[in-house]
Protein chains: 2
Amino acid sequence: MLTNSRLVHQPHDHGRCINAALSRANNLCTEKGVRLTPTRESVLRLLWQSHQPLGAYQVQDQLSKLTGKSIAPPTIYRAIEFLSDLGLVHRLASLNAYIGCPFPNSEHSNLFMICNSCGSAAEVAHTALNDVLQNASEKAQFKLESQSIELFGLCPQCSQDTTQATEHKAHG
Amino acid sequence: MLTNSRLVHQPHDHGRCINAALSRANNLCTEKGVRLTPTRESVLRLLWQSHQPLGAYQVQDQLSKLTGKSIAPPTIYRAIEFLSDLGLVHRLASLNAYIGCPFPNSEHSNLFMICNSCGSAAEVAHTALNDVLQNASEKAQFKLESQSIELFGLCPQCSQDTTQATEHKAHG
DNA sequence: TTTTATATGTTATATTATAACATAACATAA
DNA sequence: TTATGTTATGTTATAATATAACATATAAAA
């Protein structure tokens with residue numbers, strides 16, 4: 001099970017996340033012979049600003065502020081589509097939001113653990129899970145092509161906070 | 001693994017699906033002391049008209065035609081919310097669409113197999129899968145509260161059609 | 001440097017969903 | 001039975017998300 005869960009839910013040097021993501025993006029674009037234009041790079045950078053997924057219009061706002069120009073939705077959606085096609089960005093359907101992919105080269109589960117409290121989302125690649133889904137599909141004679149798995153709950157950090165709050169309440 | 005997959009993807013007496021769903025709904029509403037009003041019943045019936053999930057505005061259209069009155073979106077969304085709270089209806093996030101739940105009393109996986117070709121969606125309840133997800137969550141110290149699992153691919157029927165089409169092509 | 005392909009700008013609009021407030025229907029108690 | 005509270009629906013407006021269609025600009029290749 002490969003995940004960025006620890007990183008997402010703990011204080012860390014987030015600059016390294018961003019740099020790593022940009023580096024991966026540059027390599028992949030070179031490899032595929034496509035261009036990581038300034039707009040696309042900025043969008044990717046914004047989606048990596050935190051580990052919380054962003055809506056397209058949040059990206060729009062932030063990019064507009066960043067550049068001082070007003071930017072229309074299609075520009076954002078195009079950049080997201082480009083990044084998404086390369087596997088650098090994922091869409092979280094239940095949130096209508098987008099997030100950078102921490103391991104675009106690995107086999108994917110498209111599994112996300114989304115915190116109901118702080119909104120952070122960790123991605124998980126889980127071979128055994130994929131096998132279970134593949135088996136289930138075969139049993140149902142369903143030819144599996146892609147998948148979207150979104151788990152909701154409390155991240156380690158928020159879970160701890162809740163416990164403490166409850167304890168505090170109990171004592172008060 | 002409990003699923004309505006066979007039923008969904010094969011010709012069957014669909015009236016029985018609808019009747020069963022309405023009967024379950026009536027029982028559940030009685031049990032919970034809430035009302036299955038005509039609007040709510042109609043919406044449930046429409047969502048059971050086929051095994052393809054429907055968008056809220058599709059439901060609106062059909063209900064308007066059915067009653068001859070024009071019906072505004074909030075009415076539809078309220079009915080869907082009511083049914084959804086009772087577990088009688090699910091939302092498929094990736095499609096922005098809604099579908100009747102075939103086994104509202106069973107433990108849920110919230111797992112759907114959605115056909116990319118015909119649009120049908122079968123629901124699956126899969127204890128072993130739930131265990132895998134629970135374990136993965138625990139490993140990540142994530143307190144799992146709910147989940148949404150959507151698989152995309154080809155249903156048995158469409159998969160067969162594709163194979164035949166390919167064979168046909170190969171022969172032609 | 002023309003040509004071609006790719007990327008972005010711009011305007012308008014489609015699609016999905018909800019807020020806010022008014023009215024109606026139902027349930028219960030006085 | 002009427003008064004009262006609760007639940008459900010009607011109505012209007014608008015928020016939030018996403019895309020179509022066409023014009024322009026930028027980069028790459030011939």
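In what follows, every chain begins at residue 1, and chains take the letters A, B, ... in the order their sequences are listed.
- Using a 4.0 Å cut-off, some side-chain N or O of Y77(A) falls inside it from OP1 or OP2 of dA18(D).
- Listed nucleotides dT18(C), dT8(C), dC21(C) differ in distance to P73(B); the shortest reach to its side chain belongs to dT18(C).
- Between T39(A) and dT8(C) there is a side-chain polar atom (N or O) within less than 4.0 angstrom of OP1 or OP2.
- Close to dT9(D), at under 4.0 Å from its OP1 or OP2, lies a side-chain N or O of R40(B).
- The CD1-P distance, from I76(B) to dT18(C), rounds to 14 Å in whole Å.
- Side-chain contact check for R24(A) and N105(A): no donor-acceptor pair (N or O, by modelled atom type) lies under 3.5 Å.
- Between Y77(A) and Y98(A), the ring planes lie perpendicular to each other; the angle is over 60°, past the 30° to 60° tilted range.
- Checking dA17(C), dT11(C), dT17(D) against every side-chain atom of R91(A), the shortest atom distance belongs to dT17(D).
- Legend: residues meeting side-chain contact (heavy atoms from CB on, under 4.5 Å) with S146(B), ordered by chain and number and at least two apart, are F152(A).
- Distance CD (E41(B)) to P (dT9(D)): 12 Å, rounded to an integer number of Å.
- Per the geometry, CG belonging to L95(B) stands 14 Å off C1' belonging to dT15(C), to the nearest Å.
- With hydrogens and angles ignored, a donor-acceptor pair closer than 3.5 Å exists between the side chain of Y57(A) and the base of dA18(D).
- In this structure, D85(B) places its CG atom 14 Å from C1' of dT7(D), rounding to the nearest Å.
- Checking dA17(C), dT11(D), dT17(D) against every side-chain atom of R78(B), the shortest atom distance belongs to dT11(D).
- Rounded to whole Å, atom P of dT12(D) lies 14 Å from atom CD of Q60(B).
- Atom CG in L92(A) sits roughly 11 Å away from atom P in dA18(D) (whole-Å rounding).
- Looking only at atom types and distance, the side chain of N130(A) has a donor-acceptor partner in the side chain of Q147(A) under 3.5 Å away.
- Note: NZ (K69(B)) to C1' (dA24(C)) measures 12 Å, nearest angstrom.
- Across all strands shown, dT1(D) is found opposite dA30(C) as a Watson-Crick or G-U wobble partner, with both distances under 3.5 Å.
- With dT17(D), dA17(C), dA20(D) as the candidates, the nucleotide lying closest to the side chain of P74(A) is dA20(D).
- Considering only side-chain N and O atoms, N96(A) lies nowhere under 4.0 angstrom from the phosphate OP1 or OP2 of dT16(C).
- One interatomic measurement links the two molecules: CG of L54(B) to P of dT16(C), which rounds to 11 Å at whole-angstrom precision.
- No close placement of the H51(A) and H9(A) rings is indicated, their centers lying 6.0 Å or farther apart.
- Each of F82(A) and R35(B) was matched to the nucleotide of DNA chain C holding its nearest heavy atom; the match closer to the 5' end belongs to F82(A).
- Applying the 4.0 Å criterion to OP1 and OP2 of dT9(D), one finds that T75(B) has every side-chain N and O outside that range.
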